[in-house]
Amino acid sequence: MLIETNTCSPEQADEYRLCSLFDNSSARIAHVDLDLRLIGSNAGFADVFGLSVEELPGVALVDLVHARARDALTRRLLSLARGERSRISDLIATLTRSGRTSTELTGIAVTNGAGRIDSLVVLLELEPEPAASAAAPCPADVRKPLTRMEAMVLEGVAAGMSTVQLASKLFLSRGGVEYHVSALMKNLDAANRSELVSRAYSAGLFRMGSWPPLVTEGFVD
């Protein structure tokens, strides 16, 4: 089953600039709307399919996988978009530039400040990533190392937790959570939570393959 073509609403137009955030990332990452259409991606993601980043916005994500995998992947992604789960991870057959190949696809629900899911982040892994070094320097995207509390808040936001859930987990007030989220957005030059999570993943702040998301120790002061 293929998803019908829809153009993004005006509220989503600013998300198209996310593709430029991923250009320097070694990860293969894309931003997807709730209709399962690509909003943007980095060059690594586009290159897997022999396409340019300019060709991907508006493309149904499931059109990039083998026909036999589309129905199951659609159901899994829609359950993510509906909030029935906060993360999926599947080994699927993708249609890469070199032909059909097995790829691990990880999908993560991204929530806005009101705690509602407004988009998905998708990562592809074609081969095992090298282990991150604990002494790795901060990437250029990060202006300063994260504090321990900022790291925990960022991990919660990336896991799809709302302000209320984070406040309860971290023993902070709602205002305290929003303060740390604002500091993180300033540090990573992000305009909203969706962009914050995308920037954090593209900058390599999270350990690859970890769930719940964990910030690499080398980026915590």
Side-chain angles (χ1 to χ4, degrees), residues 7-46 53-54 56-59 61 77 80-81 83 86-87 106-124 138-147 149-163 165-166 174 177-208 211-216 219-220:
T7 56
C8 291
S9 65
E11 291 79 5
Q12 293 172 312
D14 65 319
E15 304 294 353
Y16 277 91
R17 65 195 182 93
L18 282 173
C19 60
S20 65
L21 303 178
F22 307 143
D23 288 343
N24 296 322
S25 172
S26 59
R28 300 173 179 90
I29 183 170
H31 197 213
V32 181
D33 66 24
L34 298 186
D35 290 322
L36 308 188
R37 293 193 169 274
L38 290 157
I39 297 170
S41 78
N42 70 346
F45 184 97
V53 293
E54 293 79 14
L56 285 178
V59 172
L61 176 62
L77 289 170
L80 195 62
S86 58
R87 177 185 183 269
T106 299
I108 301 166
V110 179
T111 59
N112 57 27
R116 292 190 295 271
I117 296 171
D118 61 7
S119 59
L120 310 175
V121 169
V122 171
L123 297 100
L124 300 181
C138 283
D141 307 62
V142 183
R143 296 175 177 176
K144 63 181 181 65
L146 306 181
T147 66
M149 183 58 71
E150 285 175 340
M152 290 190 291
V153 170
L154 181 58
E155 290 167 352
V157 171
M161 298 179 69
S162 67
T163 296
Q165 290 172 321
L166 276 169
R174 296 184 188 182
V177 171
E178 291 302 328
Y179 170 81
H180 287 295
V181 171
S182 295
L184 286 163
M185 290 194 295
K186 181 178 180 180
N187 188 11
L188 288 167
D189 196 23
N192 51 49
R193 289 193 179 202
S194 299
E195 190 173 323
L196 175 62
V197 174
S198 298
R199 270 196 175 275
Y201 269 105
S202 66
L205 289 182
F206 295 114
R207 302 177 192 174
M208 289 300 295
W211 189 261
L214 292 173
V215 173
T216 302
F219 303 138
V220 181

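The figures that follow rest on heavy atoms only: side chains count, while hydrogens, waters and symmetry mates do not. For the single chain, residues carry numbers from 1 onward in sequence order. Being a predicted model, the structure only gives us computed values, none of them experimental.
Taking every heavy atom of both residues into account, Glu195 and Ala190 meet most closely at OE2-CA, 3.4 Å. A pairwise comparison of heavy atoms in His180 and Val153 identifies CB-CG2, 3.9 Å as the closest pair. The nearest pair of heavy atoms linking Ser198 to His31 is OG-CD2, 4.2 Å. A pairwise comparison of heavy atoms in Leu80 and Ser86 identifies CD1-C, 3.3 Å as the closest pair.
To the nearest 0.5 Å, atoms CZ (Arg199) and CG (Asn187) are separated by 10.5 Å. Going from atom CG of Leu205 over to atom CG of Leu196 covers 9.0 Å, rounded to the nearest 0.5 Å. Taking CG from Leu34 and CD1 from Ile117, the interatomic distance works out to 7.5 Å, rounded to the nearest 0.5 Å. We find the OG1-CE distance between Thr111 and Met161 to be 10.0 Å, quoted to the nearest 0.5 Å. Here Ile29 contributes atom CD1 and Leu123 contributes atom CG; the two are 4.5 Å apart, rounded to the nearest 0.5 Å. The structure places OG of Ser194 at 11.5 Å from CG of Asp33, a figure rounded to the nearest 0.5 Å.
Judged purely by atom type and a 3.5 angstrom limit, Asp35 has no side-chain atom pairing as donor or acceptor with the backbone of Arg37. Not one N or O on the side chain of Arg193 forms a donor-acceptor pair closer than 3.5 Å with the backbone of Val157. Looking at Glu155, its side chain does come within 3.5 Å of a backbone N or O of Val215 through a donor-acceptor pair.
Of the options Thr106, Val121, Leu120, a side-chain contact (heavy atoms from CB on, under 4.5 Å) to Arg87 is made by Thr106 and by none of the others.
Scored by the side-chain contact (heavy atoms from CB on, under 4.5 Å) test, Ala46 finds Ser41, Val53, Leu56 as partners (sequence neighbours excluded). For Ser162, the side-chain contact (heavy atoms from CB on, under 4.5 Å) partners at least two apart in sequence or on another chain are Val164, Gln165.
With a 4.5 Å cut-off on side-chain heavy atoms, Leu184 and Leu146 count as touching.
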